[in-house]
Amino acid sequence: MQTFINGYDISCCTLCPRECGKDRTMSYGTCGCDDKIRAARSALHHWEEPCISGSNGSGTIFFSGCSLCCCFCQNKEISHEGFGTEISIEKLGACMLDLQEQGAHNINFVTGTHFTPWIIEAVKSVRDRLHIPLVWNSSGYETVKTIRSLKGIIDIYLPDFKYLSEAIAKEYSWAPDYPKYAEAAIIEMHRQVGAPEFDENGIMKKGLIVRHLILPGHRHESMAILQRLSEMLPKDEFLISLMGQYTPPEEKLPYKNLNRRLTSMEYESVLKCAEKLGLNGFSQELSSAQAYYTPEFDLEGLEND
Ligand code: SF4
Ligand code: SF4
């Protein structure tokens with residue numbers, strides 16, 4: 001039987017590049033989710049890029065589940081171990097209004113791809129009362145079709161561009177097709193929102209920020225990604241956010257390089273490359289490689305009405 005959410009048939013899910021075709025009303029996809037929205041936190045967050053967090057914070061809603069399988073994931077608890085609570089579309093809409101009421105500069109949907117039609121429904125239900133920009137904060141592992149469904153709804157795209165090499169994407173995230181999907185999705189995101197716009201306080205109103213986490217032992221891959229981005233998009237129409245806070249997971253990985261932090265030499269060389277290419281954006285101090293960037297997932301803002 002077909003079941004539709006915002007016109008999307010969830011009985012044969014192809015929302016992300018995994019294209020499992022799962023009937024979400026009866027089973028779970030690679031993302032670990034069925035047809036119930038699950039989230040782990042809805043709260044102000046101060047550790048995004050300055051133009052997103054501003055002084056009040058970004059209104060982040062962290063969704064449970066993820067269709068990538070990164071071996072170094074810092075959020076495994078919510079991405080693959082199912083932590084979170086079930087919320088209705090109405091509750092999701094109420095969370096957005098509550099975050100706006102708390103002073104959030106924006107509503108920031110974190111890893112929401114596998115709930116895209118549900119999120120669109122929730123936004124529509126509160127659209128007339130929601131007056132702040134909406135941010136799509138994703139792994140970059142997206143189909144163009146799903147990103148197109150967000151046209152006119154999302155104001156700011158904040159995707160990762162993790163890998164350019166299929167072999168590395170396969171090894172670390174079990175997704176050899178990541179590079180081609182991420183590239184096409186980022187181009188579509190840019191097509192929708194165009195050049196960045198800011199308010200009088202420097203808070204972003206519209207635009208694209210591409211994030212890249214530099215992995216230890218892979219500075220050349222990072223530089224290749226920067227080069228690719230500089231060829232893909234007009235340089236003054238997107239921002240880059242270079243992240244040096246890679247933190248090795250507690251459990252040892254079978255890759256020696258991923259069991260250490262990034263060195264200053266690796267980080268500096270990637271920053272220099274961005275500068276040489278004339279890219280604009282943000283970088284973080286290496287000293288920010290601390291656990292406090294990962295918020296505590298405690299169901300804040302999700303329990304009780
Ligand atoms: S969103 Fe989940 S169920 Fe849908 S295609 Fe992706 S992994 Fe499969
Ligand atoms: S995309 Fe992010 S949340 Fe998903 S598995 Fe990778 S690191 Fe974890």
Side-chain angles (χ1 to χ4, degrees), residues 3-11 13 15-16 22-29 31-48 52-53 56-67 75-139 142 146 149-150 152-158 294-305:
T3 310
F4 292 90
I5 302 283
N6 190 51
Y8 182 82
D9 179 10
I10 60 161
S11 64
C13 185
L15 278 173
C16 83
K22 291 279 179 187
D23 181 348
R24 298 273 297 267
T25 64
M26 299 176 69
S27 54
Y28 300 82
C31 56
C33 297
D34 62 3
D35 63 342
K36 318 285 183 317
I37 312 170
R38 284 182 79 76
R41 184 177 161 91
S42 172
L44 295 177
H45 188 56
H46 296 274
W47 301 106
E48 306 287 23
I52 300 291
S53 283
N56 299 350
S58 175
T60 45
I61 301 176
F62 287 86
F63 293 94
S64 307
C66 181
S67 56
N75 296 343
K76 274 205 171 108
E77 194 191 351
I78 67 164
S79 64
H80 290 291
E81 291 167 7
F83 180 81
T85 189
E86 204 177 298
I87 56 169
S88 63
I89 286 176
E90 293 70 30
K91 174 69 184 172
L92 181 55
C95 287
M96 297 178 210
L97 295 177
D98 185 45
L99 289 165
Q100 177 175 256
E101 183 73 24
Q102 289 178 51
H105 292 295
N106 44 59
I107 302 298
N108 186 344
F109 301 113
V110 186
T111 320
T113 306
H114 46 288
F115 291 122
T116 304
W118 291 262
I119 293 172
I120 295 173
E121 282 274 304
V123 170
K124 282 183 176 168
S125 72
V126 294
R127 200 47 161 168
D128 55 340
R129 287 168 285 161
L130 201 55
H131 311 296
I132 51 180
L134 303 185
V135 183
W136 193 251
N137 184 335
S138 93
S139 68
E142 308 265 13
T146 295
S149 71
L150 293 164
I153 293 172
I154 294 298
D155 304 286
I156 298 168
Y157 283 105
L158 194 51
T294 310
E296 207 177 309
F297 295 116
D298 51 5
L299 307 183
E300 183 177 343
L302 296 169
E303 292 181 312
N304 307 321
D305 282 314

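Values below: every heavy atom of this structure, side chains too, minus hydrogens, waters and symmetry copies.
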Trainee: So which atom in Ile52 and which in Ile156 form the shortest heavy-atom distance, rounded to 0.1 Å?
Mentor: CD1-CG2, 4.0 Å

Trainee: Indicate the atoms forming the closest heavy-atom contact of Thr113 with Cys16, along with that distance.
Mentor: CG2-CB, 4.2 Å

Trainee: Roughly how far, to the nearest 0.5 Å, is CD1 of Ile37 from CD1 of Ile87?
Mentor: 5.5 Å

Trainee: Quick check: does any side chain N or O of Arg24 sit under 3.5 Å from a backbone N or O of His114, one acting as donor and the other as acceptor?
Mentor: yes

Trainee: Which class fits the ring pair Phe62 and His45: parallel under 30°, tilted 30 to 60°, perpendicular over 60°?
Mentor: perpendicular

Trainee: Measure the spacing between CG of Asp155 and CG of Asn106 and express it to the nearest 0.5 Å.
Mentor: 9.0 Å

Trainee: Under the criterion side-chain contact (heavy atoms from CB on, under 4.5 Å), I'd like the reasoning laid out for Leu92 against Glu121: C-alpha separation, chi angles, the key distance, then a yes or no.
Mentor: CA-CA 9 Å; Leu92 181 55; Glu121 282 274 304; over 6 Å; no

Trainee: May I ask you to decide if Glu48's main-chain N or O and Ser53's side chain share a donor-acceptor pair within less than 3.5 Å?
Mentor: yes

Trainee: What's the shortest heavy-atom distance between Ala104 and Ile132, and which atoms?
Mentor: O-CD1, 3.5 Å

Trainee: Show the nearest heavy-atom pair for residues Gly152 and Arg127, with the distance to one decimal.
Mentor: O-NH2, 3.4 Å

Trainee: Enter the distance from Phe83:CZ to Asn75:CG here, rounded to the nearest 0.5 Å.
Mentor: 11.5 Å

Trainee: Mark yes or no for whether Thr60, through its side chain, and Ala43, through its backbone, hold a donor-acceptor pair below 3.5 Å.
Mentor: yes

Trainee: Just by distance, no angles: are the side chains of Thr25 and Asp35 close enough, under 3.5 Å, to form a donor-acceptor pair?
Mentor: no

Trainee: List the atom of Phe109, the atom of Val123, and the distance in Å for their closest heavy-atom pair.
Mentor: CZ-CG2, 3.9 Å

Trainee: Could you measure the distance from the CD1 atom of Ile153 to the CD1 atom of Ile119? Nearest 0.5 Å is fine.
Mentor: 10.5 Å

Trainee: Give a yes or no on whether the backbone of Arg129 and the side-chain of Gln100 come within a donor-acceptor separation of less than 3.5 Å.
Mentor: yes

Trainee: Quick check: does any side chain N or O of Ser11 sit under 3.5 Å from a backbone N or O of Asp23, one acting as donor and the other as acceptor?
Mentor: no

Trainee: Taking only residues two or more places apart in sequence or in another chain, which ones pass side chain to side chain contact (heavy atoms under 4.5 Å, CB included) with Asp34?
Mentor: Tyr28, Lys36

Trainee: Looking at Asn56 and Gly103, would you say the former's side chain and the latter's main chain have a donor-acceptor pair under 3.5 Å?
Mentor: yes

Trainee: Starting at OG of Ser67, measure out to NE2 of His80 and round the result to the nearest 0.5 Å.
Mentor: 8.0 Å

Trainee: For Leu302 and Lys91, which heavy atoms make the closest approach, and how far apart are they?
Mentor: O-CE, 3.2 Å

Trainee: Counting C-beta onward and ignoring hydrogens, is there a side-chain heavy-atom pair between Ser149 and Ile120 closer than 4.5 Å?
Mentor: yes

Trainee: I'd like to know if the side chain of Arg38 reaches the main chain of Gly84, judged simply by a donor and an acceptor atom lying under 3.5 Å from each other, with no hydrogens or angles considered.
Mentor: yes

Trainee: Are the side chain of Tyr8 and the backbone of Leu15 linked by a donor-acceptor contact shorter than 3.5 Å?
Mentor: yes

Trainee: Can you find a heavy atom in the side chain of His105 that is under 4.5 Å from one in the side chain of Ser58?
Mentor: no

Trainee: To the nearest 0.5 Å, what is the distance between CZ on Phe63 and SG on Cys31?
Mentor: 13.0 Å

